[in-house]
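Computed from a predicted structure; not experimentally measured.
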Amino acid sequence: MPLDTSPTRNLALELVRVTEAAAIAAGRFMGRGDKIAADQAAVDAMRMVLNTVEMDGIIVIGEGEKDEAPMLYNGEKVGTGEPPEMDIAVDPIDGTRPVAKGLPNAIATVALAPRGTMFNPGPFVYMYKIAVGPEARSMIDVNAPVEVNLRRIAKVKGKEVRDLTVVILDRPRHEKLIAKVRRLGARIRMIPDGDVAGALMTAWPESGIDALLGIGGTPEGVLAACALRAMGGEIQGKLYARNEEELRRGREMGYDFDKVLTMDDLVASDDVFFAATGITDGELLRGVKYGGDYVRTHSLIVRGRTGTVREIFARHRIEKANAIAEPQI
């Protein structure tokens with residue numbers, strides 16, 4: 001059947017150059033114990049290539065606020081300045097500690113959506129979240145007890161709760177959550193960082209991950225929402241205040257910490273684009289590999305309007321890659 005309209009521009013195919021550059025730069029520091037240097041290299045490479053993309057982009061979700069790392073800062077303008085006008089969410093390294101320690105599942109990520117459609121968490125960078133893949137879409141409720149969500153997920157996937165695998169960030173704040181999930185019999189995959197990758201794994205059949213639970217980054221939640229819209233999954237969240245002062249300040253600024261943030265709240269458009277490139281090997285993506293005269297990358301790109309998910313394996317000539325991502329060692 002002929003198409004009703006001509007294919008439109010797929011910005012995700014341009015974004016993958018951005019995440020490839022960031023991953024190649026950060027990959028040079030894998031296992032070297034310096035997460036700040038790795039992040040700086042990824043930021044510099046990402047900014048350089050973002051500024052070549054034909055768009056009028058503004059960073060809505062930047063990186064670095066939580067630990068004063070090098071930043072692509074909120075409000076920064078990137079791109080050539082030509083239309084379309086886009087909101088941008090970036091995480092040059094989702095998982096700085098895994099890069100520094102040579103652990104799995106570190107990725108470079110970026111997402112685009114039409115101007116004014118991305119949720120802006122301001123200074124409130126944590127949220128309680130639950131994410132699932134397509135089979136369990138519309139079956140979750142971030143306000144429901146853990147046992148209710150896990151039983152619903154297991155039922156719709158034709159499993160027992162004991163056969164589920166849940167991703168949870170390895171943090172002291174999750175001790176009670178971890179204990180409860182274990183009492184229910186589900187298996188747990190603990191991750192040191194990188195809950196964008198953790199959320200995406202729920203919609204990636206080969207990963208074996210059924211759900212992501214717990215308190216993680218709000219910016220990472222927005223990035224994951226952009227990807228899951230196209231991948232058919234779902235994420236819900238609620239802003240999390242670390243103390244009474246943060247709660248008071250947030251309410252004064254008009255933030256509702258009791259509101260359930262749905263997919264539409266986190267990114268209010270289907271016309272979204274997302275790209276991620278592996279830095280270290282993981283269930284979602286393979287890490288950067290350096291050969292004698294080439295660099296190999298593995299990327300995932302998604303487009304919300306069409307629901308298309310692409311895997312891209314690329315070989316980059318090493319002298320060309322180094323021109324963008326010169327190792328700082």
Side-chain angles (χ1 to χ4, degrees), residues 66-67 91 93-101 103-107 109 124-133 135-137 139-157 159-225 227-228 231 233-242 260-261 266 276 280-285:
K66 284 180 290 188
D67 57 1
D91 198 347
I93 303 180
D94 178 45
T96 52
R97 270 180 288 191
V99 171
K101 295 183 177 182
L103 298 173
N105 291 316
I107 62 175
T109 66
F124 307 106
V125 294
Y126 288 97
M127 66 188 293
Y128 183 81
K129 64 184 83 168
I130 178 171
V132 292
E135 291 171 294
R137 184 184 176 94
M139 300 300 295
I140 56 172
D141 180 356
V142 73
N143 281 327
V146 173
E147 56 268 28
V148 171
N149 279 310
L150 292 186
R151 286 168 186 156
R152 288 176 178 173
I153 294 167
K155 182 178 180 179
V156 76
K157 299 189 82 167
K159 297 182 177 183
E160 300 291 334
V161 171
R162 66 183 179 181
D163 296 323
L164 297 179
T165 301
V166 180
V167 166
I168 301 176
L169 278 169
D170 187 4
R171 298 288 188 274
R173 62 178 178 260
H174 287 148
E175 286 181 3
K176 291 182 180 179
L177 173 63
I178 290 166
K180 183 173 288 188
V181 172
R182 285 175 173 162
R183 283 197 302 271
L184 293 166
R187 301 179 298 172
I188 298 175
R189 173 67 59 85
M190 305 284 284
I191 57 173
D193 282 298
D195 58 343
V196 176
L200 268 59
M201 287 178 207
T202 66
W204 199 242
E206 293 85 354
S207 74
I209 301 300
D210 298 290
L212 174 137
L213 293 174
I215 298 164
T218 310
E220 288 84 351
V222 175
L223 276 157
L228 289 172
M231 298 173 79
E234 182 179 9
I235 185 169
Q236 292 182 10
K238 292 175 68 174
L239 290 176
Y240 173 79
R242 290 170 286 184
V260 174
L261 298 170
L266 295 171
T280 61
D281 286 333
E283 288 88 349
L284 185 68
L285 293 166

Around K157, counting heavy atoms of other residues, nucleotides and ligands shown, do more than 12 lie under 6.0 Å from its NZ? yes
Measure across [X] and [Y] and return the closest heavy-atom pair with its distance rounded to 0.1 Å.
X: K180; Y: V146; value: CD-CB, 3.9 Å
X: T280; Y: N105; value: OG1-N, 3.3 Å
X: T218; Y: F124; value: OG1-O, 3.3 Å
X: P192; Y: L103; value: CG-CD1, 4.0 Å
X: V125; Y: P219; value: O-CD, 3.7 Å
X: I153; Y: A211; value: CD1-CB, 3.9 Å

Using 0.5 Å steps for rounding, measure from the [atom1] atom of [X] to the [atom2] atom of [Y].
X: L228; Y: R137; atom1: CG; atom2: CZ; value: 9.0 Å
X: I130; Y: L150; atom1: CD1; atom2: CG; value: 7.0 Å
X: L212; Y: E220; atom1: CG; atom2: CD; value: 11.0 Å
X: L164; Y: R187; atom1: CG; atom2: CZ; value: 8.5 Å
X: R152; Y: I140; atom1: CZ; atom2: CD1; value: 10.0 Å
X: M127; Y: D195; atom1: CE; atom2: CG; value: 9.5 Å

Donor-acceptor under 3.5 Å (R183 side chain, I178 main chain): no
Look only at the side chain of R162 and the backbone of A186, and say whether a donor-acceptor pair between them is shorter than 3.5 Å. no
Side chains of [X] and [Y]: closer than 4.5 Å at any heavy-atom pair?
X: R151; Y: L184; value: yes
X: L169; Y: H174; value: yes
X: K155; Y: M139; value: no
X: V148; Y: D141; value: no

Kindly determine whether R171 and I215 satisfy side-chain contact (heavy atoms from CB on, under 4.5 Å), including the steps that lead there. CA-CA 9 Å; R171 298 288 188 274; I215 298 164; over 6 Å; no
Residue of the set L284, I191, D210 for which side-chain contact (heavy atoms from CB on, under 4.5 Å) holds with M201: L284
